[in-house]
Amino acid sequence: MKQNNMLAMILAGGRGSRLHDLTNKVAKPAVSYGGKYRIIDFPLSNCANSGIDVVGVLTQYESVLLNSYVAAGRRWGLDAKDSGVFVLPPREKADANLNVYRGTADAISQNIDFIDEYSPEYVLVLSGDHIYKMNYANMLKEHKACNADASIAVIEVPLKEASRFGIMNADENGRIYEFEEKPEHPKSRLASMGIYIFNWKMLRKMLVADIKNPESHHDFGKDIIPAMLNDQKNLHAYNFKGYWKDVGTIDSLWEANMDLLDANNELDLNDSTWKIYTEDVTTLPQYIGADASIRNSFITQGCLIEGEVQKSVLFTGTTVNVGAKVIDSVLMPGVVVEEGAVVQRALVADGVRIGKNAVVGSADSENIELVAKRVKGED
Amino acid sequence: MKQNNMLAMILAGGRGSRLHDLTNKVAKPAVSYGGKYRIIDFPLSNCANSGIDVVGVLTQYESVLLNSYVAAGRRWGLDAKDSGVFVLPPREKADANLNVYRGTADAISQNIDFIDEYSPEYVLVLSGDHIYKMNYANMLKEHKACNADASIAVIEVPLKEASRFGIMNADENGRIYEFEEKPEHPKSRLASMGIYIFNWKMLRKMLVADIKNPESHHDFGKDIIPAMLNDQKNLHAYNFKGYWKDVGTIDSLWEANMDLLDANNELDLNDSTWKIYTEDVTTLPQYIGADASIRNSFITQGCLIEGEVQKSVLFTGTTVNVGAKVIDSVLMPGVVVEEGAVVQRALVADGVRIGKNAVVGSADSENIELVAKRVKGED
Amino acid sequence: MYDAFGIINPSSRQIWVEGLEDYRSIGAFSFLGRYRIIDFPISNMSNSGIDRIQVYIRRKPRSLTDHLGTGRHYNINSKRGRLQVLFSDHHQEHDIYNTDISSYADNLESIELMHHPYVVIAPSYMVCRIDYAQLIQTHIDSGADITLAYHTVDNAKEAFLSCNTLELNRQKGVLGIEPNHGNAKVRNIFMDTYVMKKEYFIDLVKKAQSLSSMYTLSDIVNLACREADVRGFAHHGFFASITDFKSYYDANLELIDFKSAMNLFDDEWPFYTKTNDSCPTKYYETAAVTSSVISNGCLIEGSIENSVIGRGCVIKKGAVVKNSIILSGTIIGEDVHVENQIVDKMAKLIRVKEIIADPENPGYIRRGDTI
Amino acid sequence: MYDAFGIINPSSRQIWVEGLEDYRSIGAFSFLGRYRIIDFPISNMSNSGIDRIQVYIRRKPRSLTDHLGTGRHYNINSKRGRLQVLFSDHHQEHDIYNTDISSYADNLESIELMHHPYVVIAPSYMVCRIDYAQLIQTHIDSGADITLAYHTVDNAKEAFLSCNTLELNRQKGVLGIEPNHGNAKVRNIFMDTYVMKKEYFIDLVKKAQSLSSMYTLSDIVNLACREADVRGFAHHGFFASITDFKSYYDANLELIDFKSAMNLFDDEWPFYTKTNDSCPTKYYETAAVTSSVISNGCLIEGSIENSVIGRGCVIKKGAVVKNSIILSGTIIGEDVHVENQIVDKMAKLIRVKEIIADPENPGYIRRGDTI
């Protein structure tokens, strides 16, 4: 806090229901990605690397795993003296009943007392389920330089996809004069990434007013940002260039993993100046057997590979036995592919066992097959 | 976990309403005690010193401060690789609505999935609002030696007070054959301290059955322990000797602080082999002014004493200005006693300012005066 | 289990691993790609419930102090427990007074401050899985003055030649400690691991000092065998003593075999190490890897066979790595063939295309060398 | 603020604090009861947004490495940031090659690995509050090659006699660095604090080595003043240089006055230290304490006046402590009168009843002594 006077709040309450069985037991931000990470490692590591000390994580749905995961702030070095990751679920108050968060803005509103404890000058609001690397310190620098009341990170999207996003229309100095949620005829290609820097005093006032507004959805995009534009506040668009992905579906999650095999992938996880930190799982080293064959794949420690792996991403502690084939697939932590089994164009959920000689997925399927339950093999 | 296979769950949901204004903003376990501690530091430090790695803290009421306080497991060294303090408020589940904890047993029931993640052999259930030092490893050793299904820590209380407690009637080997909640005519002086060790598999079964029982209060004392006795389970009474205090009222909180001034006090906070750990607040050293007079008091770092202090306990960052007098009192963190003011037989809440020449409390009052709001002084 | 504190001992002057030891102490050597050798004794202690551990450092402290930190990654409670690094006052490389005994004597105050009745002393240069709680319990139950752990081997003629051996009677009483002269196949190799009462240990240190400034702990324990009740404790499972160049090479290669590795590893007995937050390893289209142990953060385009690859190595197209141990951050250039080598950290093997040694005498490439 | 990394420099061979320095380096000295001197430069760096800090250690590493740990207590992110302890290869006490330059040269690889363009070098033996971010910004804005921090004093005839001074022109250009000869009242005391580009620093280290094996950083910077643009940066507020026995004593006593202390302390600029988890201090019925700074964990039955009392001290009934600095764990026995003394850690002053020195030449009681 001393360095930059900015506190971060990560909205991590999404159910991620389009990820089907993957989010039965874990909230979307805790879904595994990239061999050894969870999605929320990205905003948390970005915070750590940007010099942010205090991070609140707003959780909601079935969050025991997410809660205990992020509570261990040491994973991102966020456990120094005046530092910490704080899990903030909805809670019972002296003067109100236990409530769920009604919208993104309400989640912040319900935690005004938490933020006030630190009395930061700036509050950074993030989403817990996006994959990207961003230096929020640079965004803050621009925010200050523009004397903005709020800054919103935006990324250029193809015009034809723009109508799926919240679009910011800004002048040549980056000052936003209009915001359109999923416009039919988008006027620009600058999509909001759901990353905001607010001057806390100003935001606090707006939130207090918003709580009392019975018409409000208590949402940043639908209510707070339009209200700020209405009030002639100085809203600044911060242009982000680089890899950014919202993995909302099984196909896009699979795709985001496959992006890591692309030699031109902008998300360089090997960059030692901006590491993504994650849980330090105690595992064996990565063991490659005598008959193994591995090509074009991304494999992490704790894996035991005795079969064939092609164009795949294998997560911590997966096993591919002799004669098994894994092609164009993503194997989540602890998956076992038994002898002779074939896995193709599939995303296999945590701990699932693919039995001997079983066949899962196919080379020419349109969608990626999600395998969330044990697949029986031959005896 | 590796060392003893025991996980601890601390029940920290108490409102502590008899502590009046002290618990308006913080839950009872987070109330300050002993100059630099909070009550929950005691069970947490006991866990750390007993070699317990994983602690769940079950919070409920208005717990933002308690949550963020205990989440920083580093305070008790509970932040090593496979270690942690996990805040467990009631939460929304895929198959149920957001619920409050209905009783002590229900709080554990609702977190069966959390405990299962660690698959411990034993679960230690503690209360978050008692002040005492206990080596739970010794209790576990006895639990194992007796082949018990559950062990309950008991302390001898004077017979005339016994009817205020849950009384355990046990045979000469410590096997409990009867439990009476607040009996009118107690048969023994062994009062339950609310500290339990359970074999997890057995407890898990009982809790699953208890959830479905519509007649149950979902409470350990009222339901689980009687049910276990009914089932002829081996319940063992673990005899504890030493200081133990439940600080339920302003008077007893004041008294517990005053106990620290007693040279024969059993709660030796200076014992370097069983330290009580707490938040490491960044403060100045303790400054004593040229005209100060301090006798029979307990004073911590960050205090500035320029006046007179007698038979009092002064918490972190309190100030006693020139000519002020503090007698028989407890000053919570950040209290300021301005020039010439007199504080006597009072408990002054966090951050309260006692104005110039103001007089608070009196030497001959029956009860201790709780001062929770600024006291205006002369200009 | 708060009955004992632990001491991790550095290797003595008599032990030297050519090449690698120029840059760090043996405890800080990389092992199986992701570990350091000292991870094994410290994890063994942590898993045995020992959370006060003193690590003695004789020379080249940086690499080891960096790796150890405060010991949180060994699951040691950072308040109750403590991983303490202690230095000798005689830190000159070739000072004859630089013995383990002199290190203890220089830090006697720290040892005396421990309020545990027993001490377990284990070496920083041996790899095994051992439950010290069981060792301590055996020691206490037997009533012995000192208990020494040993491992019986049947290849003492050609291996463990820098180790000591225990001569035992039928009751497992230790008759003496003597060097392995390589004149018998079957020997009880002394694991340089001791349990005794803290006070007994302090007395031994003082006695050793009064007898000779060059005495080591094993010297004085050997002497003690004459009068005291010194007993042996047999260890089973994987055991490697990293006390010369060949033993380092062999121990790594032996554990490449998954079945051998299962004699060391156990789900219930984690070996902790310090994470480097490297990303997973990337295999390219042209990669061909068999029978190897690969660390994270590598980029692999070439062929690897029967080797251990450290963190963040780059194996370029056409490169062949065989029967080798490649330490972290090394680059093996295009079409470079490396066989029977230990390649130290951050070397660049790019110009010379064939670097092949005799399998019996593996080669060594220095730290940071460009070849 | 990731533009600069920090270096904390040990005191050079020319500086020596009688007594205390036998047991630890100056950075590890207890200060005002609860701090160590090194807490000040490290907190200054941490508060300035510098989270990669190298601490160089010349001798007696234990006390300092114990205190520093991984730096979490200085609010340094344990992943992104790093508090790294580095050792010199010339660690013999009286080795003439044991200069700061040789420490840097021995660890040049670690310095080169830093990916920050600037370096801030600060001493481990001075106490002040300084915003290095402002110093760096001033340096960058001015376009100077090197910027040196100084503090103007008007008592240079009787104090700061082990320090260097800066000779400045009207544009704050540094003409040279020279010892304080004590021949003028007003002097610009050099705070042994430098900012420059990392590459410039590495060049200076190499150049110093090529010119003389005994050159220190200040020697080579003094030389550089002839050609390079070297500028001064004035510091205001509390400043103490702990470079001899008297300066240590005086700096502690000066800060007993709450108003003086407010020139050093600031709510917005925390000075971090390592907690010892001591309980509050207990004052008994017979205690009489005035004008003093008291640490936690003490038991006070006697009288204390104008003194600094360290952690866990016991002041018995009838004892009198006056104008003294008592380090942690010391016992002052019944009716013992201690005046104008520095009493080192864990001493027991119980038998001799009067230990009084001349105020101008305060006495020193050794660590652990029983008197």
Side-chain angles (χ1 to χ4, degrees), chain A residues 2 13 15-17 21 23-27 54-57 59-75 77-101 110-118 279-282, chain B residues 2 13 15-17 21 23-27 54-57 59-75 77-101 110-118 279-282:
Chain A
K2 285 286 161 270
R15 271 192 184 241
S17 41
D21 288 348
T23 48
N24 267 358
K25 289 232 159 175
V26 301
V54 179
V55 182
V57 179
T59 62
Q60 186 141 267
Y61 159 74
E62 186 60 62
S63 44
V64 69
L65 192 147
L66 177 63
N67 285 7
S68 63
Y69 184 73
V70 301
R74 61 173 176 274
R75 289 173 181 146
L78 294 166
D79 61 342
K81 183 77 164 58
D82 294 335
S83 176
V85 179
F86 299 100
V87 180
L88 302 166
R91 61 186 194 279
E92 188 192 5
K93 293 201 185 195
D95 54 358
N97 285 328
L98 189 53
N99 247 318
V100 294
Y101 293 140
Q110 285 199 37
N111 289 286
I112 285 177
D113 52 352
F114 169 79
I115 299 174
D116 280 347
E117 262 187 70
Y118 295 90
E279 183 180 11
D280 173 23
V281 184
T282 301
Chain B
K2 285 287 162 267
R15 269 192 188 243
S17 40
D21 287 348
T23 48
N24 267 359
K25 289 231 160 176
V26 302
V54 179
V55 181
V57 179
T59 62
Q60 188 141 269
Y61 159 73
E62 186 60 59
S63 44
V64 68
L65 192 146
L66 178 63
N67 285 6
S68 62
Y69 184 72
V70 301
R74 63 174 176 275
R75 288 174 181 146
L78 294 166
D79 62 341
K81 182 79 164 57
D82 294 337
S83 177
V85 179
F86 300 100
V87 180
L88 302 166
R91 61 186 193 279
E92 188 192 7
K93 291 200 187 197
D95 55 357
N97 286 328
L98 190 52
N99 247 317
V100 294
Y101 294 140
Q110 286 199 35
N111 288 287
I112 286 178
D113 52 352
F114 169 79
I115 299 175
D116 281 347
E117 260 187 71
Y118 295 90
E279 183 180 11
D280 173 23
V281 184
T282 301

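All figures in this text were calculated on a predicted structure; none of them were measured in a lab. Each chain gets a letter, A, B and so on, in the order its sequence line appears, and its residues count up from 1.
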(request) Could you tell me which portion of Ser83(A) (side chain, backbone, both or neither) has an atom closer than 4.5 angstrom to a non-hydrogen atom of chain B? (result) backbone

(request) Please confirm whether the backbone N or O of Val281(A) pairs with a side-chain atom of Lys81(B), one donor and one acceptor, at under 3.5 Å? (result) no

(message) Heavy-atom cut-off 4.5 Å, strictly under: side chain, backbone, both or neither for Glu279(A) against chain B?
(response) neither

(message) With rounding to the nearest 0.5 angstrom, report the CG to CG distance, Asp113(A) to Leu65(B).
(response) 9.5 Å

(request) Please report the closest heavy-atom contact between Phe86(A) and Ala71(B), naming both atoms and the distance. (result) CD2-CB, 4.3 Å

(request) Can you measure from CZ (Arg74(A)) to CZ (Arg74(B)) and round to the nearest 0.5 angstrom? (result) 12.0 Å

